[in-house]
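To keep things clear, I will list the structure first and then write my remarks on it.
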Amino acid sequence: MKNTLTRGLLLASASTLAVTLSACGSEDTSAASDSSAPDSSSSSASESSGSMDSSSPMAEAAGDEPFGSGCTAVPGDGEGSFSGMTDDPVATAASNNPVLSTLVQAVTAANLVDTLNTTDDITVIAPANPAFEAIPADQLQAVLADQATLTQILTHHVIPGRLSPDQLAGTHTTVAGDEVTIEGSGEAFTVAQTVTGTPASVICGNVQTANATVYIVDQVLAPAAA
């Protein structure tokens, strides 16, 4: 009888211990599961934040690119390319770009190379070679030989301050002291008053040099007095 009672007490104690250990194991598993949940959430939030941060600079950089059908004529590499022009002042940068060789000839004839190269933060409306070819040869030669008139025309193409594409449209005071009116938006801009009477269009815009933002056009602009 005594042995039977002893065995009963031992079995009861073992059963109680088993239940206690089982309960503790369940709590430990639950706690481990709970402690791991914040790490997973934090990791997801971090990845999401990283994804958002990396996308913003890409969207911003896209807006800084040159635009326009005429940009295909600009060299793809070398000092005359878009990247090559960024570290040179504007007159020097233009001299390395075959698209602007006649403009460089005109700027040199007017003794404006140093002025353009040493003036900080300007916007240059730069006629491409076909813009000068549209002017009758005798008229062009006469203007190139008249430094006062040539200077007036060329400085009419220069606006103080760097104008981004979203600032380009409007009426601006030029370095010549007169005004130029640019119409349009997005990537389509025109200037009505030109030497030939045909409105000028921006064919390659938002080109960056060390000291200027350049908009290449297909006509030579005309000051009001010209």
>> Which heavy atom of A126 sits nearest to which heavy atom of V214, and what is that distance?
In response: CB-CG1, 3.7 Å
> Considering residues at least two apart in sequence or located in another chain, which fulfil the side chain to side chain donor-acceptor pair (under 3.5 Å) criterion with T171?
Replying inline: T181
> With sequence neighbours left out, what residues match A110 under side chain to side chain contact (heavy atoms under 4.5 Å, CB included)?
Replying inline: L112, L150, T151, L154
> Any idea which heavy atoms bring C204 and G70 closest together, and the distance?
Replying inline: CB-C, 4.0 Å
>> As an exercise, state the distance from CD1 of I125 to CG of L168, rounded to the nearest 0.5 Å.
In response: 5.5 Å
> Where do P127 and A131 come nearest, in terms of heavy atoms and distance?
Replying inline: CB-CB, 3.7 Å
> Do any N or O atoms from the side chain of Y215 and from the backbone of F189 form a donor-acceptor pair under 3.5 angstrom?
Replying inline: no
> P165 and G186: which non-hydrogen atoms are nearest, and at how many Å?
Replying inline: CB-O, 4.3 Å
> With sequence neighbours excluded, what pairs up with P130 under the side chain to side chain contact (heavy atoms under 4.5 Å, CB included) test?
Replying inline: A128, E133
> Which pair of heavy atoms, one from A134 and one from T196, lies closest together, and at what distance?
Replying inline: O-CG2, 3.8 Å
>> Nearest 0.5 angstrom please: D146 CG to Q152 CD, how far?
In response: 9.5 Å
>> Using side-chain heavy atoms (C-beta onward) and a distance below 4.5 Å, is P199 in contact with T194?
In response: no
>> Can you confirm whether M85 sits close enough to N96 that some side-chain heavy atom of one is under 4.5 Å from a side-chain heavy atom of the other?
In response: no
> Without hydrogens or angle criteria, can the side chains of E179 and T174 be said to hold a donor-acceptor pair below 3.5 Å?
Replying inline: no
>> Quick check for you: to the nearest 0.5 Å, what is the distance between Q139 atom CD and L144 atom CG?
In response: 10.5 Å
> So which heavy atom on Q219 is nearest to which on A200, and how close?
Replying inline: CB-CB, 3.6 Å
>> Checking side-chain polar atoms at under 3.5 Å, does S101 have a donor or acceptor matched by the opposite partner on N129?
In response: yes
> Do E183 and V191 come close enough that some side-chain heavy atom pair is under 4.5 Å?
Replying inline: no
> Rounded to the nearest 0.5 Å, what separation is found between the CD atom of Q167 and the OG1 atom of T123?
Replying inline: 8.0 Å
> Which pairs, with at least one residue in residues 87-194 and sequence neighbours excluded, count as a disulfide (SG to SG under 2.5 Å)?
Replying inline: none
Donor-acceptor contacts, no H, no angles, side chain residues 86-95, under 3.5 Å, sequence neighbours left out:
unit_1, atom_1, unit_2, atom_2, d
T86, OG1, S83, O, 2.7
T92, OG1, N117, ND2, 3.1
S95, OG, T92, O, 2.6

>> Atom CG of residue position D166 - does it have more than 12 heavy atoms of other residues, nucleotides or ligands inside 6.0 Å?
In response: yes
>> To the nearest 0.5 Å, what is the distance between CG on N97 and OG1 on T209?
In response: 11.5 Å
> Measuring from I122:CD1 to L163:CG, what's the distance to the nearest 0.5 Å?
Replying inline: 11.0 Å
>> Can you list everything that forms a salt bridge (charged side-chain N to carboxylate O under 4.0 Å, His left out) with D121? Sequence neighbours excluded, please.
In response: R162
